Amino acid sequence: MSQFSPRVFSGIKPSGDLTLGNYLGAIKRFVPLQKTHACIYCVVDLHAITVWQDPKDLKQATYEVAAAYLAAGVDPAQHIIFNQSQVLQHAELGWIFNCVARMGWMQRMTQFKDKAGKNAQNVSLGLFAYPSLMAADILLYKATHVPVGEDQKQHLELTRDIAQKFNNDFASSIRSNGFDENYFPMPEPVIAGPATRVLSLRDGAKKMSKSDASSMATIYMLDDGDAIAKKIKKAKSDPEPLPGEVDGLEGRLEAANLVGIYAALSDTSPQDVLDQFGGQGFGAFKPALAEVAVAQLAPIAEEMRRYLAQPDEIERILAEGAERASQIASETMKEVRDIVGFVS
Ligand code: AQP
């Protein structure tokens, strides 16, 4: 039996307009976890600035992520919604973890390699250190479960490596300060469901991303019904009819992506979707997918717009969340300071 009570932490960067990938890979899955776990959902603005953000856009995007959490059904009275930069301990523990993590670990991170591309000498130091700040976000709350999309799996593994190394490096201080030897938990990634990696609608080799230059590649959470239907109609597919079995989707990235999106939106499985649409072509499937997407996303977009029209209310919720998050974070940091040997 673990000494850690089940606690969920996850975050989204306010780095642009939220996508269907963010919704299906993360936000939609945040909601049911509230029934079984204490949940902490963060707008990770410190992560957003690892690449340049216009200050006005950053603020608006921060409101948008908070509005999406609320509109999707996260309850800020029972759980916590807050903004990362309002809880100073994230940066503090992030620094300590910069001193625990190894350069070689960071150099292996595929997301850094993808984002830096050929420009690795000219990206921010923050982008390189991103995974150790992410480890701090999670471990500050001793979170046990982290719902994320597939792209974050490697960062979660690194979080576990950092937790383990901290527990080992400071083992005798952890003991002499009276704490359990497993001071930080080994958080579990929660990567589940049919849409853990939603692909670009234009290029099956890429994931759908806020920062994609092509708006036709991406369904945004605030897109209206016409835009959603148009993007699905133009989405890359192939000339074959849909297969009757999931195995038949192998090697058909775009087809598998659209089937996965349908399944995730309608809370079924890809096989259920193929039971219904197997043998039919995209001319029949795409309009059905557009209908499901609009039916699911339109009410959430409407609720997001309602929140976005009341920025004061969002600020109130974030400030209250930050206060509650700070209480947990400052308890952890008091312990960590003693463990590390800082004079308090
Ligand atoms: N395409 C996706 N499919 C499934 N899950 C996804 N997520 C992001 N894209 C997809 C999940 O959304 C959560 C928040 O991600 P983030 O905003 O913190 O960072 P990201 O993964 O880098 O998202 P983007 O949209 O690609 O942002 P940009 O373009 O700014 O870098 C995570 O749980 C992520 O897995």
Side-chain angles (χ1 to χ4, degrees), residues 8-31 33 39-54 57-58 60-62 64-66 68-69 72 74 81 83-84 90 109-117 123-124 126-127 130-131 133-135 137-138 143 145-159 187-215 217-222 231 235 253-254 256-258 260-261 263-265:
V8 162
F9 180 94
S10 196
I12 302 221
K13 285 184 296 177
S15 51
D17 294 326
L18 290 169
T19 73
L20 181 66
N22 299 133
Y23 178 62
L24 295 179
I27 302 170
K28 181 173 159 70
R29 298 174 42 241
F30 291 176
V31 179
L33 286 165
C39 297
I40 303 177
Y41 296 126
C42 186
V43 187
V44 286
D45 57 352
L46 297 178
H47 286 282
I49 63 164
T50 54
V51 299
W52 168 253
Q53 303 294 329
D54 183 292
D57 295 343
L58 179 63
Q60 190 55 33
T62 300
E64 187 181 318
V65 176
Y69 290 166
V74 176
I81 295 177
N83 186 31
Q84 188 185 25
H90 286 256
M109 294 296 108
T110 54
Q111 192 177 79
F112 175 75
K113 289 188 218 167
D114 289 349
K115 285 199 189 274
V123 295
S124 75
L127 189 68
Y130 184 116
L133 180 59
M134 179 166 157
D137 300 337
I138 296 163
H145 294 86
V146 186
V148 280
E150 181 69 37
D151 59 321
Q152 294 296 332
K153 189 165 179 238
Q154 196 185 31
H155 289 167
L156 250 297
E157 282 159 9
L158 191 122
T159 297
E188 297 283 343
V190 185
I191 302 172
T196 54
R197 182 175 163 83
V198 177
L199 303 178
S200 153
L201 298 181
R202 307 302 300 164
D203 178 356
K206 288 200 315 198
K207 74 161 192 154
M208 188 178 281
S209 246
K210 294 181 213 99
S211 54
D212 198 311
S214 161
S215 65
T218 311
I219 294 176
Y220 300 105
M221 287 185 73
L222 285 171
K231 289 177 187 186
L253 287 177
E254 288 87 3
N257 187 42
L258 297 178
I261 291 173
L265 285 168

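Ligands are counted one by one from 1 in listed order, and the atoms in each one are counted from 1 as well. What you see is a predicted model; the values in this text were computed from it and never measured.
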Which pair of heavy atoms, one from Pro14 and one from Val65, lies closest together, and at what distance? CA-CG2, 3.9 Å
Kindly write out the residues that satisfy salt bridge (Lys or Arg N to Asp or Glu O under 4.0 Å) with Lys231, not counting sequence neighbours, or none if the list is empty. Asp223
Can you confirm, on distance only, whether ligand 1 has an N/O atom lying under 3.5 Å from any N/O atom belonging to Ser209? yes
Have a look at Cys39 and tell me which of Val74, Ile81, Val8 forms a side chain to side chain contact (heavy atoms under 4.5 Å, CB included) with it. Val8
Stepwise, does the side-chain contact (heavy atoms from CB on, under 4.5 Å) test hold for Ile12 with Tyr69? CA-CA 10 Å; Ile12 302 221; Tyr69 290 166; 3.4 Å; yes
Pair Phe112 and Tyr130, ring centroids less than 6.0 Å apart: no
Nearest neighbour in protein (non-hydrogen) for atom 8 (C) of ligand 1: Asn22 ND2, 3.2 Å
Distance-only N or O hit between ligand 1 and Glu150, under 3.5 Å: no
Looking only at heavy atoms, which two atoms of Ile191 and Glu150 are closest? And how far apart? CG2-OE1, 3.7 Å
Of all protein heavy atoms, the one nearest atom 35 (O) of ligand 1 is Asp151 OD1, 2.4 Å
Atom 6 (C) of ligand 1 - nearest protein heavy atom and its distance: Gly21 O, 3.4 Å
Identity and distance of the protein heavy atom lying nearest atom 3 (N) of ligand 1: Val198 N, 2.8 Å
Is the Phe9 ring parallel, tilted or perpendicular to the His90 ring (thresholds 30°, 60°)? tilted
So, do Leu20 and Thr218 sit near enough that their side-chain heavy atoms are less than 4.5 Å apart? no
Find all atoms of ligand 1 within a distance of less than 4.0 Å from any non-hydrogen atom belonging to Gly11, and give their numbers and elements. 14 (C)
Looking only at protein heavy atoms, what sits closest to atom 27 (O) of ligand 1 is Lys210 NZ, 3.1 Å
Starting from atom 13 (C) of ligand 1, find the nearest protein heavy-atom neighbour and note its residue, name and distance. Ala26 CB, 3.8 Å
Are any of the side-chain heavy atoms of Leu33 and Pro147 separated by less than 4.5 Å? yes
Classify the contact between Lys13 and ligand 1 as side chain, backbone, both or neither, using a heavy-atom distance cut-off of under 4.0 Å. both
State whether the shortest distance between N or O atoms of Ser15 and N or O atoms of ligand 1 falls below 3.5 angstrom. yes
Enumerate the atoms of ligand 1 whose separation from the nearest heavy atom of Gly25 is less than 4.0 angstrom. 4 (C), 5 (N)
Please list, in number order, the atoms of ligand 1 under 4.0 Å from a heavy atom of Gly149. 5 (N), 33 (O), 34 (C), 35 (O)
Does Val123 reach the side chain of Lys115, with side-chain heavy atoms less than 4.5 Å apart? no
Which protein heavy atom lies closest to atom 29 (O) of ligand 1, and at what distance to 0.1 Å? Ser211 OG, 2.5 Å
Structural part of His47 in contact with ligand 1, heavy atom criterion under 4.0 angstrom: neither
Those atoms of ligand 1 less than 4.0 Å from some heavy atom in Lys115: 22 (O), 28 (P), 31 (O)
Between Leu24 and ligand 1, which residue portion shows a heavy-atom distance shorter than 4.0 Å: side chain, backbone, both, or neither? neither
Can you tell me if NZ on Lys210 sees more than 12 non-hydrogen neighbours from other groups inside 6.0 Å? yes
Per-atom contacts, ligand 1 versus Val148 - under 4.0 Å to a heavy atom: 33 (O)
Within the distance-only criterion (no hydrogens, no angle test), does the side chain of Glu254 pair as donor or acceptor with the backbone N or O of Ala235 below 3.5 angstrom? no
Which residue holds the protein heavy atom closest to atom 4 (C) of ligand 1, what is that atom called, and what is the gap in Å? Thr196 O, 3.2 Å
